[in-house]
J.: 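Have a look at this one.
Just so it is clear: chains get the letters A, B, ... in the order the sequence lines come, proteins before strands, and each one is counted from 1.
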Number of protein chains: 2
Amino acid sequence: MAAAKTARKSGPRRAERKIRAHGEESRERILDAATQIAGERGYDGTSVALVSERSGLPASSIYWHFESKDQLIAAVIERSFHRWLERMHAWVPPREGESQEELFEAAIRRTAAALTEAPDFLRLGLMLALERRPQEATARRMFLQVRERAYKGMVASYEAFFAGALDAADVRALATLTMAAADGLFIAQEVDPAGVDLDDAFQLLAEALLGAAKALSARRDRSRR
Amino acid sequence: MAAAKTARKSGPRRAERKIRAHGEESRERILDAATQIAGERGYDGTSVALVSERSGLPASSIYWHFESKDQLIAAVIERSFHRWLERMHAWVPPREGESQEELFEAAIRRTAAALTEAPDFLRLGLMLALERRPQEATARRMFLQVRERAYKGMVASYEAFFAGALDAADVRALATLTMAAADGLFIAQEVDPAGVDLDDAFQLLAEALLGAAKALSARRDRSRR
DNA sequence: CTTGTTCTGTAGTGATCGCTACAGTACGCT
DNA sequence: AGCGTACTGTAGCGATCACTACAGAACAAG
(Lines give C-alpha, C1' and ligand atoms only; values in the text may rest on other atoms or scores of the structure.)
Protein backbone atom coordinates (compact mmCIF):
# COMPACT_ATOMS: atom_id res chain seq x y z
CA MET A 1 0.00 0.00 0.00
CA ALA A 2 2.48 2.57 1.23
CA ALA A 3 5.79 3.00 -0.46
CA ALA A 4 9.04 3.71 1.31
CA LYS A 5 10.18 7.25 1.13
CA THR A 6 13.05 7.57 3.54
CA ALA A 7 16.44 6.39 2.49
CA ARG A 8 18.52 4.39 4.85
CA LYS A 9 22.21 3.93 4.89
CA SER A 10 21.84 0.12 4.66
CA GLY A 11 23.09 -1.45 7.85
CA PRO A 12 25.56 -4.30 8.47
CA ARG A 13 25.28 -7.44 6.43
CA ARG A 14 24.44 -10.87 7.80
CA ALA A 15 27.05 -13.19 6.45
CA GLU A 16 24.82 -16.22 6.85
CA ARG A 17 22.16 -17.93 4.77
CA LYS A 18 19.97 -15.63 2.80
CA ILE A 19 21.35 -12.24 2.05
CA ARG A 20 19.00 -9.71 3.50
CA ALA A 21 19.02 -6.43 1.76
CA HIS A 22 17.30 -3.41 3.13
CA GLY A 23 15.29 -0.53 1.80
CA GLU A 24 16.93 1.22 -1.09
CA GLU A 25 19.14 -1.72 -1.85
CA SER A 26 16.18 -4.07 -2.17
CA ARG A 27 14.34 -1.54 -4.27
CA GLU A 28 17.27 -1.38 -6.64
CA ARG A 29 17.49 -5.15 -6.88
CA ILE A 30 13.81 -5.39 -7.70
CA LEU A 31 14.20 -2.71 -10.36
CA ASP A 32 17.24 -4.49 -11.78
CA ALA A 33 15.32 -7.73 -12.11
CA ALA A 34 12.24 -6.03 -13.51
CA THR A 35 14.31 -4.11 -16.04
CA GLN A 36 15.93 -7.30 -17.25
CA ILE A 37 12.69 -9.25 -17.50
CA ALA A 38 10.60 -6.47 -19.01
CA GLY A 39 13.30 -5.99 -21.63
CA GLU A 40 13.10 -9.66 -22.48
CA ARG A 41 9.37 -10.22 -22.46
CA GLY A 42 7.45 -6.96 -22.50
CA TYR A 43 4.72 -5.76 -20.22
CA ASP A 44 2.50 -8.81 -19.99
CA GLY A 45 5.42 -11.18 -20.03
CA THR A 46 6.82 -9.62 -16.87
CA SER A 47 5.33 -11.58 -14.00
CA VAL A 48 5.74 -10.63 -10.39
CA ALA A 49 6.71 -14.21 -9.58
CA LEU A 50 9.60 -14.01 -12.05
CA VAL A 51 10.78 -10.67 -10.72
CA SER A 52 10.61 -12.15 -7.24
CA GLU A 53 12.66 -15.16 -8.27
CA ARG A 54 15.33 -13.20 -10.11
CA SER A 55 15.69 -10.53 -7.42
CA GLY A 56 15.70 -13.06 -4.60
CA LEU A 57 13.01 -11.14 -2.75
CA PRO A 58 9.48 -12.31 -2.04
CA ALA A 59 6.40 -10.84 -3.69
CA SER A 60 5.46 -9.11 -0.47
CA SER A 61 8.66 -7.06 -0.65
CA ILE A 62 7.91 -6.07 -4.21
CA TYR A 63 4.50 -4.86 -3.13
CA TRP A 64 5.97 -3.06 -0.20
CA HIS A 65 8.19 -1.00 -2.50
CA PHE A 66 5.76 -0.60 -5.42
CA GLU A 67 2.04 -0.33 -5.26
CA SER A 68 1.33 -2.42 -8.35
CA LYS A 69 2.97 -4.13 -11.29
CA ASP A 70 1.97 -1.19 -13.44
CA GLN A 71 3.79 1.23 -11.14
CA LEU A 72 6.78 -1.07 -10.96
CA ILE A 73 7.24 -1.03 -14.71
CA ALA A 74 6.70 2.72 -14.80
CA ALA A 75 9.50 3.02 -12.24
CA VAL A 76 11.69 0.88 -14.50
CA ILE A 77 11.15 3.29 -17.39
CA GLU A 78 11.77 6.27 -15.16
CA ARG A 79 15.05 4.95 -13.79
CA SER A 80 16.40 3.81 -17.12
CA PHE A 81 15.51 7.15 -18.66
CA HIS A 82 17.41 9.02 -16.01
CA ARG A 83 20.41 6.79 -16.49
CA TRP A 84 20.25 7.46 -20.20
CA LEU A 85 19.96 11.20 -19.61
CA GLU A 86 23.06 11.12 -17.43
CA ARG A 87 25.02 9.58 -20.27
CA MET A 88 23.79 12.25 -22.64
CA HIS A 89 24.55 15.12 -20.28
CA ALA A 90 27.96 13.79 -19.45
CA TRP A 91 28.92 14.79 -22.96
CA VAL A 92 30.30 18.24 -23.64
CA PRO A 93 30.42 19.17 -27.30
CA PRO A 94 33.85 20.20 -28.54
CA ARG A 95 33.79 23.88 -29.33
CA GLU A 96 36.95 24.76 -31.25
CA GLY A 97 38.53 23.85 -34.50
CA GLU A 98 35.74 21.78 -35.92
CA SER A 99 33.48 22.50 -38.83
CA GLN A 100 29.71 22.65 -38.45
CA GLU A 101 29.41 19.31 -40.18
CA GLU A 102 31.91 17.69 -37.85
CA LEU A 103 30.03 19.05 -34.84
CA PHE A 104 26.77 17.71 -36.20
CA GLU A 105 28.23 14.29 -36.80
CA ALA A 106 29.78 14.21 -33.35
CA ALA A 107 26.40 14.97 -31.76
CA ILE A 108 24.74 12.18 -33.71
CA ARG A 109 27.45 9.71 -32.77
CA ARG A 110 27.09 10.67 -29.13
CA THR A 111 23.41 9.76 -29.29
CA ALA A 112 24.40 6.38 -30.67
CA ALA A 113 26.85 5.86 -27.83
CA ALA A 114 24.22 6.71 -25.21
CA LEU A 115 21.86 4.20 -26.76
CA THR A 116 24.36 1.36 -26.70
CA GLU A 117 25.45 2.16 -23.17
CA ALA A 118 21.93 2.31 -21.74
CA PRO A 119 19.83 0.18 -24.07
CA ASP A 120 17.15 -0.81 -21.56
CA PHE A 121 15.39 2.50 -21.82
CA LEU A 122 14.77 2.40 -25.54
CA ARG A 123 14.21 -1.34 -25.75
CA LEU A 124 11.41 -1.44 -23.21
CA GLY A 125 10.13 1.93 -24.32
CA LEU A 126 9.68 0.86 -27.91
CA MET A 127 7.97 -2.35 -26.84
CA LEU A 128 5.51 -0.32 -24.80
CA ALA A 129 5.11 2.28 -27.51
CA LEU A 130 4.00 -0.32 -30.03
CA GLU A 131 1.28 -1.60 -27.73
CA ARG A 132 -2.12 0.00 -27.96
CA ARG A 133 -4.29 -1.69 -25.38
CA PRO A 134 -7.60 -0.08 -24.41
CA GLN A 135 -6.31 1.23 -21.10
CA GLU A 136 -2.69 1.93 -21.63
CA ALA A 137 0.06 1.25 -19.15
CA THR A 138 1.43 4.07 -17.02
CA ALA A 139 4.88 3.19 -18.27
CA ARG A 140 3.83 3.75 -21.86
CA ARG A 141 2.51 7.21 -21.11
CA MET A 142 5.70 7.99 -19.27
CA PHE A 143 7.90 6.83 -22.13
CA LEU A 144 5.98 8.87 -24.68
CA GLN A 145 6.22 12.01 -22.54
CA VAL A 146 9.93 11.61 -22.11
CA ARG A 147 10.34 10.94 -25.80
CA GLU A 148 8.43 14.09 -26.63
CA ARG A 149 10.84 16.07 -24.49
CA ALA A 150 13.79 14.55 -26.31
CA TYR A 151 12.17 15.38 -29.63
CA LYS A 152 11.66 19.01 -28.64
CA GLY A 153 15.25 19.27 -27.50
CA MET A 154 16.38 17.94 -30.85
CA VAL A 155 14.17 20.39 -32.73
CA ALA A 156 15.64 23.24 -30.71
CA SER A 157 19.23 22.30 -31.50
CA TYR A 158 18.41 21.70 -35.17
CA GLU A 159 16.81 25.12 -35.34
CA ALA A 160 20.06 26.62 -34.11
CA PHE A 161 22.17 24.48 -36.41
CA PHE A 162 20.17 25.01 -39.59
CA ALA A 163 19.18 28.62 -38.86
CA GLY A 164 18.59 30.43 -42.10
CA ALA A 165 18.77 27.32 -44.26
CA LEU A 166 15.57 25.61 -43.14
CA ASP A 167 12.18 26.72 -41.89
CA ALA A 168 10.35 25.32 -38.86
CA ALA A 169 8.43 22.62 -40.74
CA ASP A 170 11.61 21.37 -42.42
CA VAL A 171 13.40 21.21 -39.10
CA ARG A 172 10.59 19.15 -37.58
CA ALA A 173 10.64 16.79 -40.55
CA LEU A 174 14.38 16.36 -40.18
CA ALA A 175 14.13 15.75 -36.44
CA THR A 176 11.39 13.19 -36.97
CA LEU A 177 13.54 11.38 -39.51
CA THR A 178 16.51 11.49 -37.16
CA MET A 179 14.59 9.98 -34.28
CA ALA A 180 13.01 7.35 -36.52
CA ALA A 181 16.34 6.30 -37.93
CA ALA A 182 17.85 6.13 -34.44
CA ASP A 183 14.98 3.91 -33.27
CA GLY A 184 15.29 1.71 -36.33
CA LEU A 185 19.05 1.33 -36.09
CA PHE A 186 18.71 0.47 -32.43
CA ILE A 187 16.22 -2.25 -33.30
CA ALA A 188 18.44 -3.57 -36.08
CA GLN A 189 21.29 -3.86 -33.63
CA GLU A 190 19.14 -5.54 -30.99
CA VAL A 191 17.91 -8.08 -33.52
CA ASP A 192 21.32 -8.84 -34.99
CA PRO A 193 24.17 -7.38 -32.95
CA ALA A 194 26.78 -8.84 -35.30
CA GLY A 195 25.14 -7.44 -38.42
CA VAL A 196 25.24 -3.78 -37.51
CA ASP A 197 28.05 -1.49 -36.45
CA LEU A 198 26.18 1.30 -34.72
CA ASP A 199 29.06 3.76 -34.94
CA ASP A 200 29.33 3.36 -38.69
CA ALA A 201 25.57 3.37 -39.13
CA PHE A 202 25.13 6.60 -37.18
CA GLN A 203 28.01 8.20 -39.05
CA LEU A 204 26.22 7.35 -42.29
CA LEU A 205 22.98 8.65 -40.82
CA ALA A 206 24.62 11.98 -40.08
CA GLU A 207 25.74 12.27 -43.68
CA ALA A 208 22.31 11.25 -44.89
CA LEU A 209 20.69 13.95 -42.76
CA LEU A 210 23.02 16.63 -44.06
CA GLY A 211 22.11 15.48 -47.57
CA ALA A 212 18.42 15.69 -46.72
CA ALA A 213 18.89 19.17 -45.29
CA LYS A 214 20.53 20.27 -48.54
CA ALA A 215 17.67 18.80 -50.53
CA LEU A 216 15.14 20.59 -48.33
CA SER A 217 16.78 23.98 -48.66
CA ALA A 218 17.15 23.45 -52.42
CA ARG A 219 13.43 22.69 -52.55
CA ARG A 220 12.73 25.87 -50.65
CA ASP A 221 14.84 27.95 -53.01
CA ARG A 222 13.08 26.41 -55.97
CA SER A 223 9.60 27.19 -54.65
CA ARG A 224 10.57 30.72 -53.68
CA ARG A 225 11.73 31.57 -57.14
CA MET B 1 -4.43 -31.81 -32.62
CA ALA B 2 -5.07 -32.04 -36.34
CA ALA B 3 -5.52 -28.91 -38.39
CA ALA B 4 -8.03 -28.55 -41.19
CA LYS B 5 -6.62 -28.69 -44.67
CA THR B 6 -9.58 -28.86 -47.00
CA ALA B 7 -11.41 -25.71 -47.91
CA ARG B 8 -15.13 -25.68 -47.97
CA LYS B 9 -17.39 -23.37 -49.88
CA SER B 10 -19.17 -22.32 -46.69
CA GLY B 11 -22.71 -23.70 -46.62
CA PRO B 12 -26.04 -21.93 -46.02
CA ARG B 13 -26.28 -19.54 -43.13
CA ARG B 14 -28.51 -19.99 -40.11
CA ALA B 15 -30.34 -16.71 -39.81
CA GLU B 16 -31.03 -17.27 -36.16
CA ARG B 17 -29.21 -16.62 -32.93
CA LYS B 18 -25.53 -17.37 -33.08
CA ILE B 19 -23.93 -17.03 -36.44
CA ARG B 20 -22.36 -20.33 -37.31
CA ALA B 21 -19.36 -20.04 -39.52
CA HIS B 22 -17.67 -22.99 -41.08
CA GLY B 23 -14.17 -24.09 -41.86
CA GLU B 24 -12.17 -21.51 -43.72
CA GLU B 25 -14.51 -18.75 -42.68
CA SER B 26 -14.02 -19.55 -39.00
CA ARG B 27 -10.30 -19.82 -39.49
CA GLU B 28 -10.25 -16.36 -41.02
CA ARG B 29 -12.33 -14.93 -38.23
CA ILE B 30 -10.00 -16.38 -35.63
CA LEU B 31 -7.01 -14.94 -37.48
CA ASP B 32 -8.72 -11.56 -37.76
CA ALA B 33 -9.34 -11.45 -34.03
CA ALA B 34 -5.86 -12.70 -33.20
CA THR B 35 -4.27 -10.15 -35.54
CA GLN B 36 -6.17 -7.35 -33.90
CA ILE B 37 -5.40 -8.44 -30.35
CA ALA B 38 -1.76 -9.34 -30.94
CA GLY B 39 -1.28 -5.93 -32.57
CA GLU B 40 -2.73 -4.31 -29.47
CA ARG B 41 -1.08 -6.30 -26.74
CA GLY B 42 1.82 -8.36 -28.03
CA TYR B 43 2.51 -12.04 -27.61
CA ASP B 44 1.79 -12.57 -23.93
CA GLY B 45 -1.09 -10.14 -23.94
CA THR B 46 -2.91 -12.20 -26.54
CA SER B 47 -5.04 -14.66 -24.58
CA VAL B 48 -6.99 -17.46 -26.18
CA ALA B 49 -10.05 -16.41 -24.18
CA LEU B 50 -9.90 -12.93 -25.69
CA VAL B 51 -9.47 -14.27 -29.21
CA SER B 52 -12.41 -16.55 -28.55
CA GLU B 53 -14.55 -13.69 -27.34
CA ARG B 54 -13.70 -11.33 -30.18
CA SER B 55 -14.07 -13.98 -32.89
CA GLY B 56 -17.29 -15.36 -31.43
CA LEU B 57 -15.92 -18.90 -31.54
CA PRO B 58 -15.14 -21.13 -28.58
CA ALA B 59 -11.62 -22.07 -27.55
CA SER B 60 -12.18 -25.59 -28.84
CA SER B 61 -12.62 -24.21 -32.35
CA ILE B 62 -9.42 -22.23 -32.06
CA TYR B 63 -7.60 -25.38 -31.06
CA TRP B 64 -9.21 -27.30 -33.85
CA HIS B 65 -7.79 -24.87 -36.41
CA PHE B 66 -4.44 -24.18 -34.73
CA GLU B 67 -2.40 -26.54 -32.66
CA SER B 68 -1.26 -23.99 -30.09
CA LYS B 69 -1.27 -20.30 -29.30
CA ASP B 70 2.29 -20.15 -30.56
CA GLN B 71 1.26 -21.56 -33.94
CA LEU B 72 -1.76 -19.27 -34.06
CA ILE B 73 0.40 -16.18 -33.72
CA ALA B 74 2.85 -17.57 -36.25
CA ALA B 75 -0.08 -17.95 -38.64
CA VAL B 76 -1.01 -14.34 -37.98
CA ILE B 77 2.47 -13.21 -38.99
CA GLU B 78 2.41 -15.45 -42.06
CA ARG B 79 -0.93 -14.19 -43.32
CA SER B 80 -0.18 -10.54 -42.71
CA PHE B 81 3.18 -10.92 -44.43
CA HIS B 82 1.55 -12.40 -47.51
CA ARG B 83 -0.95 -9.60 -47.60
CA TRP B 84 1.87 -7.10 -47.38
CA LEU B 85 3.78 -8.87 -50.14
CA GLU B 86 0.73 -8.71 -52.39
CA ARG B 87 0.62 -4.95 -51.98
CA MET B 88 4.29 -4.71 -52.82
CA HIS B 89 4.02 -6.95 -55.90
CA ALA B 90 0.95 -5.16 -57.15
CA TRP B 91 3.25 -2.28 -57.92
CA VAL B 92 4.91 -2.03 -61.32
CA PRO B 93 7.72 0.51 -61.47
CA PRO B 94 7.32 3.10 -64.20
CA ARG B 95 9.96 2.50 -66.85
CA GLU B 96 10.05 5.44 -69.19
CA GLY B 97 10.80 9.10 -68.97
CA GLU B 98 11.96 9.20 -65.38
CA SER B 99 15.36 9.84 -64.00
CA GLN B 100 17.18 7.35 -61.83
CA GLU B 101 16.52 9.52 -58.82
CA GLU B 102 12.82 9.71 -59.53
CA LEU B 103 12.66 5.95 -59.86
CA PHE B 104 14.47 5.52 -56.59
CA GLU B 105 12.15 7.88 -54.80
CA ALA B 106 9.09 6.19 -56.29
CA ALA B 107 10.27 2.82 -55.02
CA ILE B 108 10.80 4.20 -51.53
CA ARG B 109 7.38 5.83 -51.50
CA ARG B 110 5.80 2.57 -52.60
CA THR B 111 7.30 0.84 -49.58
CA ALA B 112 5.71 3.49 -47.41
CA ALA B 113 2.33 2.94 -49.02
CA ALA B 114 2.52 -0.82 -48.46
CA LEU B 115 3.33 -0.23 -44.82
CA THR B 116 0.35 2.03 -44.24
CA GLU B 117 -2.02 -0.25 -46.12
CA ALA B 118 -0.96 -3.41 -44.28
CA PRO B 119 0.38 -2.22 -40.94
CA ASP B 120 -0.35 -5.36 -38.94
CA PHE B 121 2.63 -7.17 -40.31
CA LEU B 122 5.25 -4.69 -39.22
CA ARG B 123 3.52 -3.70 -36.00
CA LEU B 124 3.33 -7.21 -34.60
CA GLY B 125 6.64 -8.15 -36.18
CA LEU B 126 8.52 -5.36 -34.46
CA MET B 127 6.91 -6.17 -31.13
CA LEU B 128 8.06 -9.75 -31.47
CA ALA B 129 11.49 -8.74 -32.75
CA LEU B 130 12.18 -6.66 -29.65
CA GLU B 131 11.41 -9.57 -27.34
CA ARG B 132 14.25 -11.83 -26.37
CA ARG B 133 12.82 -14.53 -24.17
CA PRO B 134 14.86 -17.67 -23.52
CA GLN B 135 12.84 -19.85 -25.88
CA GLU B 136 11.68 -17.56 -28.61
CA ALA B 137 8.28 -17.65 -30.23
CA THR B 138 7.83 -19.33 -33.60
CA ALA B 139 6.27 -16.13 -34.88
CA ARG B 140 9.42 -14.18 -34.04
CA ARG B 141 11.62 -16.57 -35.97
CA MET B 142 9.21 -16.37 -38.86
CA PHE B 143 9.24 -12.58 -38.86
CA LEU B 144 13.00 -12.38 -38.77
CA GLN B 145 13.32 -14.84 -41.67
CA VAL B 146 10.88 -12.89 -43.76
CA ARG B 147 12.62 -9.66 -42.88
CA GLU B 148 15.94 -11.12 -43.91
CA ARG B 149 14.48 -11.95 -47.30
CA ALA B 150 13.22 -8.41 -47.69
CA TYR B 151 16.65 -7.09 -46.75
CA LYS B 152 18.36 -9.27 -49.34
CA GLY B 153 15.92 -8.13 -51.99
CA MET B 154 16.71 -4.55 -51.11
CA VAL B 155 20.44 -5.15 -51.25
CA ALA B 156 20.05 -6.73 -54.70
CA SER B 157 18.14 -3.77 -56.11
CA TYR B 158 20.52 -1.28 -54.50
CA GLU B 159 23.44 -3.14 -56.07
CA ALA B 160 21.83 -2.67 -59.45
CA PHE B 161 20.94 0.94 -58.79
CA PHE B 162 24.29 2.03 -57.38
CA ALA B 163 26.40 -0.20 -59.62
CA GLY B 164 29.82 1.34 -60.07
CA ALA B 165 29.31 4.03 -57.47
CA LEU B 166 29.28 1.89 -54.33
CA ASP B 167 30.89 -1.36 -53.25
CA ALA B 168 29.13 -4.26 -51.53
CA ALA B 169 29.76 -3.09 -47.96
CA ASP B 170 28.46 0.40 -48.74
CA VAL B 171 25.33 -1.04 -50.31
CA ARG B 172 24.66 -3.15 -47.23
CA ALA B 173 25.13 -0.15 -44.97
CA LEU B 174 22.72 1.86 -47.07
CA ALA B 175 20.13 -0.93 -47.08
CA THR B 176 20.42 -1.31 -43.32
CA LEU B 177 19.87 2.41 -42.89
CA THR B 178 16.88 2.30 -45.23
CA MET B 179 15.21 -0.51 -43.36
CA ALA B 180 15.94 1.08 -40.00
CA ALA B 181 14.47 4.39 -41.08
CA ALA B 182 11.40 2.67 -42.50
CA ASP B 183 10.87 0.82 -39.20
CA GLY B 184 11.38 3.98 -37.21
CA LEU B 185 9.05 6.09 -39.33
CA PHE B 186 6.43 3.39 -39.07
CA ILE B 187 6.71 3.45 -35.29
CA ALA B 188 6.54 7.23 -35.23
CA GLN B 189 3.36 7.10 -37.22
CA GLU B 190 1.84 4.40 -35.02
CA VAL B 191 2.61 6.39 -31.89
CA ASP B 192 1.32 9.69 -33.22
CA PRO B 193 -0.61 9.34 -36.48
CA ALA B 194 -1.33 13.06 -36.62
CA GLY B 195 2.28 14.07 -36.13
CA VAL B 196 3.79 12.30 -39.11
CA ASP B 197 2.96 12.42 -42.79
CA LEU B 198 4.44 9.17 -44.03
CA ASP B 199 4.49 10.22 -47.67
CA ASP B 200 6.49 13.34 -46.91
CA ALA B 201 8.74 11.52 -44.48
CA PHE B 202 9.60 8.79 -46.97
CA GLN B 203 10.19 11.36 -49.68
CA LEU B 204 12.69 13.03 -47.37
CA LEU B 205 14.18 9.66 -46.55
CA ALA B 206 14.79 9.01 -50.24
CA GLU B 207 16.64 12.30 -50.56
CA ALA B 208 18.60 11.56 -47.41
CA LEU B 209 19.65 8.17 -48.79
CA LEU B 210 20.80 9.66 -52.06
CA GLY B 211 22.82 12.14 -50.04
CA ALA B 212 24.33 9.32 -48.01
CA ALA B 213 25.19 7.42 -51.19
CA LYS B 214 27.03 10.48 -52.50
CA ALA B 215 28.93 10.78 -49.24
CA LEU B 216 29.88 7.12 -49.39
CA SER B 217 31.19 7.25 -52.92
CA ALA B 218 33.07 10.45 -52.14
CA ARG B 219 34.67 8.68 -49.18
CA ARG B 220 35.63 5.83 -51.48
CA ASP B 221 37.26 8.16 -54.00
CA ARG B 222 39.16 9.87 -51.25
CA SER B 223 40.57 6.64 -49.85
CA ARG B 224 41.46 5.30 -53.29
CA ARG B 225 43.49 8.34 -54.15
C1' DC C 1 15.02 -4.09 28.13
C1' DT C 2 10.83 -2.06 25.60
C1' DT C 3 8.79 0.06 21.74
C1' DG C 4 8.21 1.52 17.00
C1' DT C 5 9.41 1.24 12.19
C1' DT C 6 10.86 -1.07 8.29
C1' DC C 7 11.15 -4.87 5.66
C1' DT C 8 10.75 -10.16 4.90
C1' DG C 9 8.67 -14.96 4.91
C1' DT C 10 4.72 -17.94 4.58
C1' DA C 11 0.71 -18.91 2.84
C1' DG C 12 -2.71 -18.10 0.76
C1' DT C 13 -6.95 -15.42 -2.31
C1' DG C 14 -10.01 -15.58 -6.60
C1' DA C 15 -9.21 -14.88 -11.43
C1' DT C 16 -7.26 -16.08 -15.58
C1' DC C 17 -3.87 -18.71 -18.16
C1' DG C 18 -3.16 -22.39 -22.16
C1' DC C 19 -5.13 -26.38 -23.26
C1' DT C 20 -8.16 -30.69 -23.50
C1' DA C 21 -11.94 -34.36 -23.21
C1' DC C 22 -15.85 -35.38 -25.18
C1' DA C 23 -20.54 -35.25 -26.58
C1' DG C 24 -23.38 -32.84 -29.85
C1' DT C 25 -24.61 -30.73 -34.27
C1' DA C 26 -24.45 -29.66 -39.26
C1' DC C 27 -23.72 -31.21 -43.54
C1' DG C 28 -22.07 -34.06 -47.85
C1' DC C 29 -22.09 -38.46 -49.73
C1' DT C 30 -24.20 -42.72 -50.97
C1' DA D 1 -32.09 -43.17 -44.20
C1' DG D 2 -27.40 -44.17 -42.62
C1' DC D 3 -22.63 -42.90 -42.14
C1' DG D 4 -18.48 -40.17 -41.82
C1' DT D 5 -16.19 -35.83 -41.62
C1' DA D 6 -15.97 -31.23 -39.94
C1' DC D 7 -16.61 -28.48 -36.80
C1' DT D 8 -18.93 -26.34 -32.18
C1' DG D 9 -20.44 -26.15 -27.20
C1' DT D 10 -19.80 -27.20 -22.37
C1' DA D 11 -17.12 -28.07 -18.84
C1' DG D 12 -13.13 -28.31 -16.58
C1' DC D 13 -7.96 -29.61 -16.00
C1' DG D 14 -3.59 -28.01 -13.40
C1' DA D 15 -0.66 -24.00 -13.54
C1' DT D 16 0.16 -19.40 -13.09
C1' DC D 17 -1.57 -14.71 -12.70
C1' DA D 18 -1.61 -10.09 -9.73
C1' DC D 19 -2.14 -9.24 -5.28
C1' DT D 20 -2.83 -9.58 0.02
C1' DA D 21 -3.12 -10.80 5.17
C1' DC D 22 -0.41 -11.23 8.68
C1' DA D 23 3.09 -12.68 11.78
C1' DG D 24 7.86 -12.36 12.57
C1' DA D 25 12.71 -10.67 11.97
C1' DA D 26 16.02 -6.85 12.09
C1' DC D 27 17.41 -2.77 13.70
C1' DA D 28 17.15 2.30 15.94
C1' DA D 29 16.02 4.97 19.55
C1' DG D 30 14.92 5.58 24.22
J.: With sequence neighbours excluded, tell me which residues meet salt bridge (Lys or Arg N to Asp or Glu O under 4.0 Å) with A:R109.
T.: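 Here no residue qualifies.
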J.: Name all residues meeting the side chain to side chain contact (heavy atoms under 4.5 Å, CB included) criterion together with A:A114; count only those two or more places apart in sequence or in a different chain, and write none if there are none.
T.: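 By the side chain to side chain contact (heavy atoms under 4.5 Å, CB included) rule, A:A114 matches A:W84, A:R87, A:M88.
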J.: Mind checking what makes salt bridge (Lys or Arg N to Asp or Glu O under 4.0 Å) contact with A:E131, not counting sequence neighbours?
T.: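 Expected list: A:R133.
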J.: How long is the line joining CD of A:E25 and C1' of C:dC7, in whole Å?
T.: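 A:E25 atom CD is separated from C:dC7 atom C1' by 13 Å.
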J.: So, OP1 or OP2 of D:dG9: does either fall under 4.0 Å of a side-chain N or O from B:S61?
T.: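 Checking D:dG9 against B:S61, no side-chain N or O comes under 4.0 Å of OP1 or OP2.
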J.: Could you tell me how far apart B:E24 (CD) and C:dC27 (P) are, to the nearest whole angstrom?
T.: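 Going from B:E24 (CD) to C:dC27 (P), I get 17 Å.
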J.: Is the shortest side-chain N/O distance from A:Y63 to OP1 or OP2 of D:dC19 below 4.0 Å?
T.: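 For D:dC19, OP1 or OP2 has a side-chain N or O of A:Y63 closer than 4.0 Å.
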J.: Checking B:E78 now: which residues fulfil salt bridge (Lys or Arg N to Asp or Glu O under 4.0 Å) with it, not counting sequence neighbours?
T.: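 Scan of B:E78 (salt bridge (Lys or Arg N to Asp or Glu O under 4.0 Å), adjacent residues dropped) gives none.
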J.: If you measure from the Lys or Arg side-chain nitrogens to the Asp or Glu carboxylate oxygens, is any gap between B:R54 and B:E40 under 4.0 Å?
T.: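 Here B:R54 pairs with B:E40 in a salt bridge, since their nearest N and O are under 4.0 Å apart.
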J.: Is the distance from OP1 or OP2 of D:dT8 to the nearest side-chain N or O of B:S60 less than 4.0 Å?
T.: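 So the side chain of B:S60 is outside the cut-off, no N or O lying under 4.0 Å from OP1 or OP2 of D:dT8.
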J.: How many whole angstroms separate atom CD of B:E28 from atom P of D:dC7?
T.: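 Roughly 13 Å, once rounded to whole Å.
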J.: Could you work out, with salt bridge (Lys or Arg N to Asp or Glu O under 4.0 Å) as the rule, every residue matching B:E28, not counting sequence neighbours?
T.: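 B:R79, B:R83.
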J.: Decide whether B:D70 and B:T138 meet the rule of one side-chain donor and one side-chain acceptor closer than 3.5 Å.
T.: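 B:T138 and B:D70 do have a side-chain donor-acceptor pair below 3.5 Å.
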J.: Need the bend value for the helix from C:dC1-D:dG30 to C:dT30-D:dA1: angle between end axes, 5 pairs each end, nearest 10°.
T.: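 Its terminal axes enclose an angle near 0°.
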J.: For B:V146, give me all partners under side chain to side chain contact (heavy atoms under 4.5 Å, CB included), at least two apart in sequence or on another chain.
T.: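 Testing B:V146 for side chain to side chain contact (heavy atoms under 4.5 Å, CB included), a comparison that skips the adjacent residues, returns B:F81, B:F121.
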J.: Check the distance between D:dC17's P and B:K69's NZ and give it to me in whole angstrom.
T.: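 Interatomic distance, NZ of B:K69 to P of D:dC17: 12 Å.
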J.: Nearest to the B:S26 side chain among D:dG9, C:dT10, D:dC7, which nucleotide is it?
T.: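 The closest nucleotide is D:dC7.
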J.: Looking at residues 36-54 of chain A, who's got a heavy atom less than 4.0 Å off DNA chain C?
T.: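 The stretch gives none, as no residue of it lies under 4.0 Å from the strand.
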J.: Distance check needed: D:dC17 P versus A:I62 CD1, whole Å only.
T.: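 Distance, rounded to whole Å: 12 Å.
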J.: Rounding to a whole Å, what distance do you find between B:D70:CG and C:dC17:C1'?
T.: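 Distance check: B:D70 CG to C:dC17 C1' gives 15 Å.
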J.: Round to the nearest Å and state the distance from B:H65 atom NE2 to D:dG9 atom P.
T.: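 One finds 11 Å between P of D:dG9 and NE2 of B:H65, rounded.
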J.: What is the distance from CH2 of A:W64 to C1' of C:dT6, rounded to the nearest Å?
T.: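 In whole Å, C:dT6 C1' and A:W64 CH2 are 6 Å from each other.
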J.: May I have all residue pairs that pass side chain to side chain donor-acceptor pair (under 3.5 Å) and include part of residues 177-186 of chain A, sequence neighbours excluded?
T.: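 Found A:R147-A:D183, A:Y158-A:T178.
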